[in-house]
Number of protein chains: 2
Amino acid sequence: MRHAVSQTDPAHQAATRRALLDAAADVFAEVGFRNATVRDICRRAGANVAAVNYHFGDKGALYTEVLTEQSRLAYVKYPNPVPVPGLTPEQRFQAFVRSFLQRVLSAELHARHGRIMAREMVEPTAALDRLVAEAIRPQAELLRGIITDLLKGRADAETTRLCGMSVVGQILFYCHCQPVLTRLFPGARFDDGELDRLTAHITAFSLAAIHGLAGQRQPADHAPTTLPPTAPQRRRPRSH
Amino acid sequence: MRHAVSQTDPAHQAATRRALLDAAADVFAEVGFRNATVRDICRRAGANVAAVNYHFGDKGALYTEVLTEQSRLAYVKYPNPVPVPGLTPEQRFQAFVRSFLQRVLSAELHARHGRIMAREMVEPTAALDRLVAEAIRPQAELLRGIITDLLKGRADAETTRLCGMSVVGQILFYCHCQPVLTRLFPGARFDDGELDRLTAHITAFSLAAIHGLAGQRQPADHAPTTLPPTAPQRRRPRSH
DNA sequence: TGACATTTCAAACACGCGTTTGAAATATCT
DNA sequence: AGATATTTCAAACGCGTGTTTGAAATGTCA
């Protein structure tokens, strides 16, 4: 080593940028875009107030970058189920619910993705359009395909769509209404520590509903409640 | 008549107060508490900037009053189903879903209640504790009772609770995720114009699910999809 | 070493916010 | 009519915000 890394060398520059992104993700998840202050973000990142404007242009550009990165991180860590040929629609459905809940509730990701998304839905910013196009719509299409298979052609497109929203509504509930839930059931937890329980319930509830709407008999247990999570979870490489 | 009502007479004072409450309800529903400005509220109410502080003390007290009033208005206009002895649990369930959707989506109430509640859940203010105690908890208890009857004692308390959250999650979805829905399905509407369709779907979906979890055969149609709304809708008297 | 580029920093700027103020306007009461 | 209380209003205050600025610090390279 030649000398200690000083404040203005490239390594430290990248570190400042990274620290800002991390601090901003926390702050935006905690209080939302409008209520977040640049001063708070910089303080947590150990940087000067002017750092955000220097590295990202303005507060809005920083938010967009945080949104994109957190979404990407969530999908990399908890990807959607890959369409393995042998799986039944019921198994694909359970895997879909589980990975969705993980992305939204994951403690390891500080539930950042879910919290930021919840705020973005109730109080959209300019970034929502891109988010819908790149993340939400593919997700909706994936679910629609699974539900179409589950219904075995016994329901029209409108019913299929409504079923999809019933499923997503159940999942997002634990993310959107967390403050109410903690007050309503002070002892209970509704985070990713309860992931298995929540996955099992939403899957059982929804499959019973969809099978019922399809006019089928309720099959006893062709949807195993235990299933390898979603896919081999690889960490993405550190480089960018 | 003696003379035109002037600015400082008691009638006009009450009118100013009322105009502030109305304008504030709109603004809080549109942009939330923190993003709402006293100046905007006063401008819409046709009042001076100082009017809020004079009539309510401060912005927070105005918000509390708006929250209370909008909640009361929603429940007065769309009350919970009264427990008529002759009704089946399925009928009570449908009535519960319908009145809940009405309160949250009602165009006549400008969807104020639903929008304000959605914001309060994602970004709670000091008023949330009282709201949970006075409005949300009784609502949860009512639903719990109906679901307990539907399950006919064939599920434990935990499952009952999870079923309740599945139902509420489906309902609130149309309120919380409106911005996403309009982008995802540009042609479709998810407001109280679709009340009958949404009520029918959520009821059918949830009853099929609950009956399935209770291990029952799926009864063909003991839950009529048409039902007198909730209760005779009386307007509350104008006096206060 | 000296010229140049990059990054950091303390300080300040411009603006919008909730709130306060003191006077003006009007109604009420004797 | 005169005194008093209530309500409205324009103006201002104090503060926090996102952003800008110009200099200082540090790196690179000839």
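Below, read A as the first sequence line, B as the second, and so on, with proteins coming before strands; counting in each chain starts at 1. As the structure is a computational prediction, the values presented were derived from the model and not from experiment.
- Taking atom CG of Asp58(B) as the reference point, atom P of dC17(C) lies 17 Å away to the nearest angstrom.
- Residue Thr16(B) places no side-chain N or O under 4.0 Å from the OP1 or OP2 atom of dT7(D).
- Atom NZ in Lys59(A) sits about 8 Å away from atom P in dT19(D), given to the nearest Å.
- For Asp129(A), the salt bridge (charged side-chain N to carboxylate O under 4.0 Å, His left out) partners are Arg183(B), not counting sequence neighbours.
- In this structure, CG of Asn35(B) is placed 14 Å from P of dT17(D), rounded to the nearest angstrom.
- The aromatic rings of Tyr63(A) and Phe33(A) are tilted relative to each other, their planes meeting at an angle between 30° and 60°.
- As rounded to whole Å, 11 Å separates atom P of dG18(C) from atom CG of Leu62(B).
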Collect all protein-nucleotide pairs involving nucleotides 11-16 of chain C in which both atoms are nitrogen or oxygen and the distance is under 3.5 Å.
from, atom 1, to, atom 2, distance (Å)
dA12(C), N6, Arg39(A), NH2, 3.4

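- The pair Arg112(A)-Glu69(A) does not meet the salt-bridge criterion, since no charged nitrogen lies less than 4.0 angstrom from a carboxylate oxygen.
- Rounded to whole Å, atom P of dT19(C) lies 13 Å from atom CG of Leu20(B).
- Atom CD1 in Ile41(B) sits roughly 11 Å away from atom P in dC17(C) (whole-Å rounding).
- Taking atom CG of residue Asp40(A) and atom C1' of nucleotide dT17(D), one finds them 13 Å apart after rounding to whole Å.
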Inset, instruction - Would you check, one step at a time, whether the test side-chain hydrogen bond (donor to acceptor under 3.5 Å, both in side chains) holds for Ser106(A) with His113(A)? - result: CA-CA 9 Å; Ser106(A) 163; His113(A) 179 238; over 6 Å; no
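- Distance from the side chain of Asn53(B) is smallest to dT20(C) among dG18(C), dT20(C), dT8(C).
- Between Glu30(A) and Arg44(A), at least one side-chain N (NZ, or NE/NH1/NH2) sits under 4.0 Å from a carboxylate O, which counts as a salt bridge.
- Considering only residues two or more places apart in sequence or on other chains, Arg39(B) meets the salt bridge (charged side-chain N to carboxylate O under 4.0 Å, His left out) condition with none of them.
- Rounded to whole Å, atom P of dG18(C) lies 21 Å from atom OH of Tyr54(B).
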